[in-house]
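Every value quoted in this text rests on a predicted model; they were computed, and no experiment measured them.
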Amino acid sequence: MTDAALVDTGAVLTRPAGWRGIVADWSSDQRAFKNVSWGKAMMWIFLLSDTFIFSCFLLSYMTVRMSTTVPWPNPSEVFALTIGGTTIPLILIAIMTFILISSSGTMAMAVNFGYRHDRVKSAALMLVTAAFGATFVGMQGFEWTKLIMEGVRPWGNPWGADQFGSSFFMITGFHGTHVTIGVIFLIIISRKVLRGDFDREARGFFTSRKGHYEIVEIMGLYWHFVDLVWVFIFALFYLW
């Protein structure tokens with residue numbers, strides 16, 4: 001049995017017109033996904049699904065807030081801190097936001113140094129990013145503790161609409177979980193980068209082709225997404 005030879009006849013393959021052409025183009029895997037690695041494609045799919053979840057949470061929150069007949073608590077008063085006898089509204093939330101946005105910058109630099117094969121700087125910046133993230137989670141824990149001591153519960157609060165507590169714990173808790181998971185993975189990946197696992201293609205979890213630091217970029221995609229989601233939470237929950 002002989003194999004059939006592929007002969008180049010010089011004929012130009014034409015793409016179908018209209019929607020069939022678009023479907024044929026994308027499903028052919030020649031332009032859209034040919035140069036995208038498996039790990040990066042899976043991360044984008046995960047982030048897309050996570051976007052739907054966060055969108056549902058925020059849309060539910062906005063619907064409840066606009067439809068409730070009970071006055072909604074004023075975030076500037078609820079999330080105010082008294083420092084030196086002066087009550088400052090949203091000061092803790094502002095610091096948390098600054099820390100998380102700063103961590104996005106250090107993560108971007110970590111990816112940059114990763115592709116330059118600078119193991120030490122890349123790992124160090126990832127650890128700095130993880131420290132920022134851990135600080136954010138710690139401050140969020142302080143915020144939760146303060147509100148719980150003041151009587152906020154998922155089923156009620158002393159300042160107004162009962163849905164405030166459930167919305168707060170659901171949205172910030174889900175986001176805080178993402179940040180915590182990100183901190184754990186940043187520490188794991190930074191350790192592998194510092195040991196040179198990607199330079200010698202060491203076997204184990206989160207491996208990559210020899211000399212490639214793509215896992216750092218994938219981790220950066222996740223971290224930037226977490227930061228972007230917080231911007232929407234900050235704007236819709238704390239400033240509205």
Side-chain angles (χ1 to χ4, degrees), residues 33 35-54 57 92-145 171-234:
F33 304 108
N35 296 320
V36 178
S37 67
W38 179 87
K40 193 182 295 185
M42 291 301 102
M43 177 54 73
W44 277 114
I45 292 173
F46 168 76
L47 295 182
L48 181 62
S49 64
D50 229 18
T51 300
F52 292 142
I53 298 174
F54 276 109
F57 283 170
L92 180 65
I93 310 303
I95 296 173
M96 291 168 60
T97 303
F98 176 78
I99 289 174
L100 206 57
I101 292 177
S102 299
S103 72
S104 191
T106 56
M107 188 68 235
M109 289 190 289
V111 174
N112 189 357
F113 282 113
Y115 276 106
R116 293 182 183 183
H117 292 227
D118 193 330
R119 297 191 290 112
V120 176
K121 290 183 180 179
S122 180
L125 285 166
M126 291 179 71
L127 290 175
V128 171
T129 305
F132 279 142
T135 303
F136 174 88
V137 173
M139 298 178 75
Q140 194 171 61
F142 172 81
E143 178 189 35
W144 274 44
T145 304
I171 295 174
T172 61
F174 193 63
H175 179 265
T177 302
H178 278 69
V179 177
T180 303
I181 293 173
V183 169
I184 295 172
F185 276 90
L186 279 171
I187 295 173
I188 294 174
I189 300 301
S190 63
R191 180 172 177 266
K192 293 178 70 67
V193 169
L194 192 59
R195 292 189 310 184
D197 287 2
F198 302 124
D199 291 328
R200 62 175 184 271
E201 201 173 4
R203 298 182 62 182
F205 292 104
F206 311 112
T207 57
S208 180
R209 290 174 297 165
K210 186 175 182 179
H212 287 260
Y213 287 75
E214 190 174 65
I215 188 64
V216 181
E217 182 183 1
I218 294 173
M219 193 65 235
L221 291 175
Y222 176 87
W223 195 258
H224 294 319
F225 170 79
V226 170
D227 290 357
L228 180 61
V229 169
W230 177 254
V231 172
F232 284 97
I233 295 175
F234 176 74

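Atom CE in Met219 sits 9.5 Å away from atom CD1 in Ile188 (nearest 0.5 Å). Put simply, OG1 on Thr177 and CD on Gln140 are 8.5 Å apart, with the number rounded to the nearest 0.5 Å. Separating the CD1 atom in Ile189 from the CG atom in Leu194 is a distance of 13.0 Å, to the nearest 0.5 Å. We find the CG-CD1 distance between Leu228 and Ile101 to be 10.0 Å, quoted to the nearest 0.5 Å.
When atom types are taken as modelled, the side chain of Ser122 and the backbone of Asp118 share no donor-acceptor pair closer than 3.5 angstrom.
Here the side chains of Ile233 and Phe57 are not in contact, with every heavy-atom distance at 4.5 Å or above. Using a 4.5 Å cut-off on side-chain heavy atoms (C-beta onward), Leu186 and Leu127 make no contact. You'll find the side chain of Val179 stays beyond 4.5 Å of the side chain of Trp230, heavy atoms only. By the 4.5 Å heavy-atom criterion applied to side chains, Met43 and Phe225 are not counted as neighbours. By the 4.5 Å heavy-atom criterion applied to side chains, Ile181 and Tyr222 are counted as neighbours.
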Practice item. Apply side-chain contact (heavy atoms from CB on, under 4.5 Å) to Thr106 and Met126, showing your working. Key: CA-CA 7 Å; Thr106 56; Met126 291 179 71; over 6 Å; no
Exercise for review: Check the pair Phe136 / Thr97 against side-chain contact (heavy atoms from CB on, under 4.5 Å), numbers first and verdict last.
Suggested key: CA-CA 8 Å; Phe136 174 88; Thr97 303; over 6 Å; no
Exercise for review: Would you sort out whether Met96 and Glu143 count as a side-chain contact (heavy atoms from CB on, under 4.5 Å), showing the intermediate values?
Suggested key: CA-CA 10 Å; Met96 291 168 60; Glu143 178 189 35; 4.2 Å; yes
Practice item. With ring pair (Phe, Tyr, Trp, His ring centres under 6.0 Å) as the test, would you mind laying out the steps for Phe234 and His175 before giving the verdict? Key: CA-CA 11 Å; Phe234 176 74; His175 179 265; over 10 Å; no
Exercise for review: Could you walk me through whether Ile99 and Met139 pass the side-chain contact (heavy atoms from CB on, under 4.5 Å) test, one step at a time?
Suggested key: CA-CA 10 Å; Ile99 289 174; Met139 298 178 75; 3.6 Å; yes
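Residues Thr129 and Ser103 have side chains that never bring a donor and an acceptor to within less than 3.5 angstrom of each other. Side-chain contact annotation: Ser104 with Trp223, donor-acceptor N/O pair under 3.5 Å absent.
Taking both residues in full, the closest heavy atoms of Val183 and Ala134 are given as CG2-N, 3.7 Å, listed atom of the first, atom of the second, then distance. Between Gly176 and Val137, the shortest heavy-atom contact is O-CG2, 4.2 Å. Contact between Ile187 and Ala130 at its shortest, heavy atoms only, is CG1-CB, 4.1 Å. Minimum heavy-atom separation, Gly39 to Ile218: C-CD1, 3.6 Å. In plain terms, the two heavy atoms of Glu214 and Tyr115 that are nearest each other are CA-OH, 3.5 Å. Between Ala123 and Ser190, the closest heavy-atom pair is CB-O, 3.5 Å.
Taking a 6.0 Å sphere around CZ of Phe46, one finds it holds more than 12 heavy atoms contributed by other residues, nucleotides or ligands.
Sorted by first and then second residue, the pairs that involve residues 217-227 and meet salt bridge (Lys or Arg N to Asp or Glu O under 4.0 Å), not counting sequence neighbours, are Lys40-Glu217.
Aromatic rings from Phe54 and His178 are positioned such that their centres are separated by under 6.0 Å.
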